[in-house]
Enquirer: 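Encoded as structure tokens, here's the structure I'll be asking about.
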Protein chains: 2
Amino acid sequence: MPETPGPAEPSLEEQIAAYQREFQDLDPQVEQVVSALSRLNRRMNVAYSRHTATLGISNAEWEVLKALVVSGAPYRLGPGDLAKRLGLTPAAMTHRIDRMANDGLVTRERDEANRVRVIVELTVEGREKWLEAMRMASVFEEDLLQDLSSEERAAFGEMLMRVLRRVEETQPDAGGRLSDLD
Amino acid sequence: MPETPGPAEPSLEEQIAAYQREFQDLDPQVEQVVSALSRLNRRMNVAYSRHTATLGISNAEWEVLKALVVSGAPYRLGPGDLAKRLGLTPAAMTHRIDRMANDGLVTRERDEANRVRVIVELTVEGREKWLEAMRMASVFEEDLLQDLSSEERAAFGEMLMRVLRRVEETQPDAGGRLSDLD
DNA sequence: GCTTCGAACTTTACTATTGAAGTCTTCAGA
DNA sequence: TCTGAAGACTTCAATAGTAAAGTTCGAAGC
């Protein structure tokens, strides 16, 4: 039997202990919260990727579908708006829309009222993909919080919102690139 | 004055309301938790990027520094181990190490005891970069949780750990790619 | 009514990551 | 010892992202 199959990812406890060893004035409580947040998010994204992969789309495409659905009927947004919402450059958005239009998830057409603008619209197929992804996600998310009572979920959500508010107040943001959509 | 400066990112409340409108059997409480988690993580990564940028490194490079520091003295790991820990392919790791060795953050040498292996070792400069990044991060993180009392932080961390444990139990993971390190 | 400015998107060049194929080393069996 | 298989990285071709330059259209002055 293999003693250690190779140094895999250290546990959160090990990781925090290592940071404390290397950096004295670290608040272990703060670090535990932050590290758990980050690792949890990573695990969740891996799970979402599995979901979307079974539908033949990528997480990146799912994000675009989500943004369009959230915008509400008639599910239309310009590439620039989409880019802002997803935290991408306009150039990246252009390419992503290329691919998605190619796959029939959205249509792209010029806005005849103002021909500088472009309108990206969700197709029926795109909406159905979103719905299937959403179904899988909601089952997964419900399972995720299974060990928290309803009261705990409420307290958890409330604290998350408080921290989120704090970061949005203190970080002007300036249209941040990076990372995944909610 | 501009009525709306352009549809920016919708607030979490708006977003959740939109999901409920489009997808009836969605638990708003669950969705609030999940969306807040995801958005918070995004904001945090934007902030970390600002920190690392001022040090002249990227978040990607910082992740490698963190993994090496967490491994403890003498701060050595193989490219394969690093790739596992960061959730990257070995190929990506090869390139990342190229760049970092070029920048003097790590050294790369063949393991003379087993010449198939390669040893990546943190340099003094790399360790200092890590330390500076860590200082900035710890200030930011302390500020992030400012609105939570010590009791709340403990409860928050405990719930995060419970959810994390849940996802790690139910998702076999199989060495997930994707996303950022803790 | 030109002309210039700015906005919205696209194009281009470059960088980072992936998956698959390739290389080199070690180890176990014939 | 030779040979074959497996492991650890690297190389290669293709994909997706960024930053900056380029296009095109609309609007505001002169």
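The structure presented is a predicted model; accordingly, all values stated were derived computationally and were not measured. In the text below, chain A, chain B and the rest are named by the order of the sequence lines, each starting its count at 1. Values reported hereafter were calculated over all heavy atoms of this structure, with side chains retained and with hydrogens, waters and symmetry mates removed.
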Enquirer: Could you walk me through whether Asp143(B) and Arg166(A) pass salt bridge (Lys or Arg N to Asp or Glu O under 4.0 Å), step by step?
Expert: CA-CA 8 Å; Asp143(B) 180 85; Arg166(A) 176 79 191 159; 2.6 Å; yes
Enquirer: Ignoring the backbone of Ala91(B), work out which of dC12(D), dC9(D), dT18(D) is nearest its side chain.
Expert: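 From the listed options, dC12(D) comes nearest.
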Enquirer: Verify, without hydrogens or angle tests, whether Glu31(A) (side chain) and Pro28(A) (backbone) share a donor-acceptor contact under 3.5 angstrom.
Expert: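 Answer holds: no.
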Enquirer: Group every Ile, Leu, Val, Met, Phe, Trp and Tyr by side-chain heavy-atom contacts under 4.5 Å, then state whether Leu86(B) and Ile16(A) land in the same group.
Expert: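 Each belongs to a different hydrophobic cluster.
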Enquirer: Nearest whole Å is fine: how far is dT17(C) P from Met93(B) CE?
Expert: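 So the CE-P distance, Met93(B) to dT17(C), works out to 9 Å.
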Enquirer: Could you give the CD-to-C1' distance, from Glu63(B) to dA16(C), as a whole number of Å?
Expert: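 It is 13 Å, rounded to the nearest whole Å.
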Enquirer: Would you kindly give the CG-to-C1' distance between Leu88(A) and dA16(C), to the nearest whole Å?
Expert: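 Atom-to-atom, Leu88(A) to dA16(C), this comes out as 15 Å.
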Enquirer: Testing the 3.5 Å rule here: is there a donor-acceptor pair between the side chains of Glu22(B) and Tyr75(A)?
Expert: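 The criterion, which ignores hydrogens and geometry beyond distance, is satisfied for Tyr75(A) and Glu22(B).
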Enquirer: Provide, to the nearest angstrom, the distance between the CG atom belonging to Leu82(A) and the P atom belonging to dG17(D).
Expert: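 Taking CG of Leu82(A) and P of dG17(D), I get 13 Å after rounding.
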Enquirer: Could you check which of dC9(C), dT17(C), dT11(D) has an atom nearest any side-chain atom of Thr94(B)?
Expert: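 So the nucleotide nearest the side chain must be dT11(D).
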Enquirer: Give me the residues of residues 96-117 of chain B where at least one heavy atom lies under 4.0 Å from an atom of DNA chain D, by number, or none.
Expert: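 Per residue number, the list reads Arg108(B), Val116(B), Arg117(B).
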Enquirer: Please give, in whole Å, the distance from dC9(D) C1' to Leu77(B) CG?
Expert: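 It works out to 15 Å between those atoms.
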Enquirer: For Glu141(B) and Arg153(B), what are the C-alpha separation, side-chain angles and deciding distance, and is it a salt bridge (Lys or Arg N to Asp or Glu O under 4.0 Å)?
Expert: CA-CA 12 Å; Glu141(B) 291 162 0; Arg153(B) 292 177 191 193; over 6 Å; no
Enquirer: Any idea which of dT10(D), dT11(D), dT18(D) is nearest the His95(B) side chain?
Expert: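 That would be dT11(D).
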Enquirer: Heavy atoms only: give me the nearest Leu148(A)-Arg162(B) pair and the separation to one decimal.
Expert: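 Shortest heavy-atom separation between Leu148(A) and Arg162(B) comes out as CD2-NH1, 3.6 Å.
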